[in-house]
Amino acid sequence: MGEAQDHDRVPLFSCKRSQIGLTAVRDDGVEKYNVIPGLDPGIHSPFLRHKSVDGRVKPGHDGVLLEVVLPIAKAAAPRHKAVRTVRIERGLRLAWGTMMATLSDIPGRVLLVGAGKMGGAMLEGWIGLGLDPARAAVIDPGPPPEVAALIEARGVALNPLNGSPPSVMLLAVKPQVAPDVLPRVAALANPDTLVVSVMAGRTIRFLEAAFPPGISVVRAIPNTPAAIGRGVTVAVPNAAVTPEQMSIADALLRATGGVEWVDDEALIDVATAVSGSGPAYVFLLAEALAQAGAAAGLPADMADRLARATVAGAGELMRQTGIDPAQLRKNVTSPKGTTAAALEVLMDETKGFGPLLTEAVAAATRRSRELAG
Ligand SMILES: NC(=O)C1=CN([C@@H]2O[C@H](COP(=O)(O)OP(=O)(O)OC[C@H]3O[C@@H](n4cnc5c(N)ncnc54)[C@H](O)[C@@H]3O)[C@@H](O)[C@H]2O)C=CC1
Ligand SMILES: O=C(O)[C@@H]1CCC=N1
């Protein structure tokens, strides 16, 4: 693996669904690949010619470089091949995204159990991306006003008394009420229902025990920027989840931002502590910065505005440039300047941000494990 030299020349593919999953045909019609939907569709497969490839290879490989064998100048030199390093093909990934982006491919009904902050944000994302509201339903005895308004405005069924078993049931109630809620909603599922839980702590084992044997379960942990489509979710499937269910879960979770799939369920507790709870740490930073500014003499309202704009602007700079945060930090820090003076405090090896956040993440991870039930 080395630098990508040829990725700009890798052609785009047009894609359509086929019986085995996705068939990708190069724009000039010369090459054709079959990709079985999976965790991270199409990542390794576009370059393995004349092969059907299970897309469920390791997730999170955006921008990964591959050594591949590609035919060059096929017509002129049909037997000649060259090994080139290319970046993961963009066209196929985009086409896959397009395929699922409207969510209109999801068969059957999607039942949301718990439409609070997280469930409500997801429902909004699904409808915004094209899930037919008539195929969504919500169970919640008291959704917050803004979610109740969305449910009413879009004609989503609220607390339906009957209906066919859902193809997907998404659980977004508090983990503490799960033992009470799950037995009741489990009765609405059938063995083909895909159960997706975003409850902190509640394990796949706990979820499986509440549903019929062999049930497909995805355990996921989103975060609140989901409300503006900028969340990030980490998810793990159980062994029963089929490739099709995997892509359905991926599409539903991706409606609120990025999705990272993992194989090891233990990582979900850590992800809960990092990205699930993480927005709260950032908001606390904004609060503390504003308080520190006010304590140092700024008018309180101005300190608040400066802190908000600084946290939001720094986050956006990191996102838009993709530059490593350590480098962005260095870009602010003039030798012997003001930032260096502050960072000496914040980067203290025993009392600074590093050890403090390590301790905080460990505490949240422990709590997630305690919530397992
Ligand atoms: N808020 C966050 O940052 C994150 C939350 N989560 C998880 O999402 C889940 C929901 O959290 P939030 O949305 O923050 O809580 P929330 O309190 O805003 O929403 C929970 C909803 O469940 C409803 N509910 C209560 N009893 C019910 C029942 N018997 N049947 C159906 N619905 C019922 C409530 O009326 C409420 O609308 C939790 O399990 C939490 O661990 C996961 C990641 C991040
Ligand atoms: O605090 C909690 O338990 C939930 C899970 C992650 C964020 N909020």
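Just follow the structure's listing: the first ligand is 1, and inside any ligand the first atom is 1. Below, each value reflects all heavy atoms present in this structure, side chains not excepted, and no hydrogens, waters or symmetry copies.
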Nearest non-hydrogen protein atom, atom 3 (O) of ligand 1 = Thr224 CG2, 3.3 Å
ask   = What is the closest protein heavy atom to atom 8 (N) of ligand 2, and at what distance does it sit?
value = Gly276 O, 4.6 Å
query = Does the Ser334 side chain pair with the main chain of Gly337, one donor and one acceptor, at a distance under 3.5 Å?
reply = no
inquiry  = Looking at Ser275 and Val232, would you say the former's side chain and the latter's main chain have a donor-acceptor pair under 3.5 Å?
reply    = no
inquiry  = With rounding to the nearest 0.5 angstrom, report the CG to CD1 distance, Leu123 to Ile151.
reply    = 6.0 Å
ask   = Considering only protein heavy atoms, which is closest to atom 31 (C) of ligand 1, and at what distance to one decimal place?
value = Ile139 O, 3.3 Å
query = Are any of the protein's heavy atoms under 4.0 angstrom from atom 5 (C) of ligand 2, yes or no?
reply = yes
note = Ranked by distance from atom 18 (O) of ligand 1, the top protein heavy atom is Lys117 N, 2.9 Å
message = To check your reading of the model: name the closest protein heavy atom to atom 11 (O) of ligand 1, its residue, and the distance in Å.
response = Lys174 NZ, 3.8 Å
key: Polar proximity ligand 1 side, Ile221 side, N/O cut 3.5 Å exclusive   = no
message = Give me the residue, atom name and distance of the protein heavy atom closest to atom 40 (C) of ligand 1.
response = Ala200 N, 4.1 Å
Heavy atom of the protein closest to atom 27 (C) of ligand 1 (residue, atom name, distance) = Pro141 CD, 3.6 Å
task = Please say whether more than 12 non-hydrogen atoms of neighbouring residues, nucleotides or ligands are located less than 6.0 Å from CD in Gln327.
result = yes
key: Protein contact of atom 19 (O) of ligand 1 - nearest heavy atom, named by residue and atom, plus distance   = Gly116 CA, 3.2 Å
key: Option with minimal heavy-atom separation from atom 43 (C) of ligand 1, where the choices are Pro222, Gly276, Ala121   = Pro222
query = Do we see a donor-acceptor contact under 3.5 Å between the side chains of Asp269 and Thr272?
reply = no
key: Option of least heavy-atom distance to atom 36 (C) of ligand 1 (set: Thr272, Thr233, Asp140)   = Asp140
request  = Tell me which one of Asp180, Val234, Val198 gets a heavy atom nearest to atom 8 (O) of ligand 1.
outcome  = Val198
task = Apply salt bridge (Lys or Arg N to Asp or Glu O under 4.0 Å) to Glu208 and Arg205, showing your working.
result = CA-CA 5 Å; Glu208 284 171 345; Arg205 203 163 152 199; over 6 Å; no
note = Note: Ala372 and Arg202 closest approach over all heavy atoms is O-NH1, 3.2 Å
Within one Ile-Leu-Val-Met-Phe-Trp-Tyr cluster: Leu112 and Leu129, side-chain cutoff 4.5 Å = yes
message = Do the side chains of Arg308 and Glu287 get close enough for a salt bridge, i.e. N-O under 4.0 angstrom?
response = no
task = Determine, stepwise, if the pair Arg154 / Glu124 fulfils salt bridge (Lys or Arg N to Asp or Glu O under 4.0 Å).
result = CA-CA 10 Å; Arg154 304 310 298 266; Glu124 191 171 357; over 6 Å; no
query = Has ligand 1 got any nitrogen or oxygen that is less than 3.5 angstrom from a nitrogen or oxygen of Asn223?
reply = no
task = Please confirm whether Val173 comes within less than 3.5 Å of ligand 1 when only nitrogen or oxygen atoms on both sides are compared.
result = yes
task = Starting from atom 29 (N) of ligand 1, locate the nearest protein heavy atom and write down its residue, its atom name and how far away it is, to 0.1 Å.
result = Val181 CG2, 3.2 Å
Protein heavy atom at shortest distance from atom 1 (O) of ligand 2 = Ser277 OG, 4.5 Å
request  = Output the list of atoms in ligand 2 that are nearer than 4.0 Å to some heavy atom of Ala200, sorted by atom number.
outcome  = 5 (C)
inquiry  = Check this for me - ligand 1, Met118, N or O atoms closer than 3.5 angstrom, yes or no?
reply    = yes
request  = Given side chain to side chain contact (heavy atoms under 4.5 Å, CB included), test Val196 with Met169 step by step and report yes or no.
outcome  = CA-CA 6 Å; Val196 181; Met169 182 184 290; over 6 Å; no
message = Please determine whether the number of non-hydrogen atoms from other residues, nucleotides or ligands lying under 6.0 Å from atom CD of Glu344 exceeds 12.
response = no
query = Against heavy atoms of Pro175, which atoms of ligand 1 measure under 4.0 Å?
reply = 38 (C), 39 (O), 41 (O)
ask   = Got a sec: does the OH of Tyr281 have more than 12 other heavy atoms crowding it under 6.0 Å?
value = yes
ask   = Backbone, side chain, both or neither: what part of Ala172 comes under 4.0 angstrom of ligand 1, heavy atoms only?
value = backbone
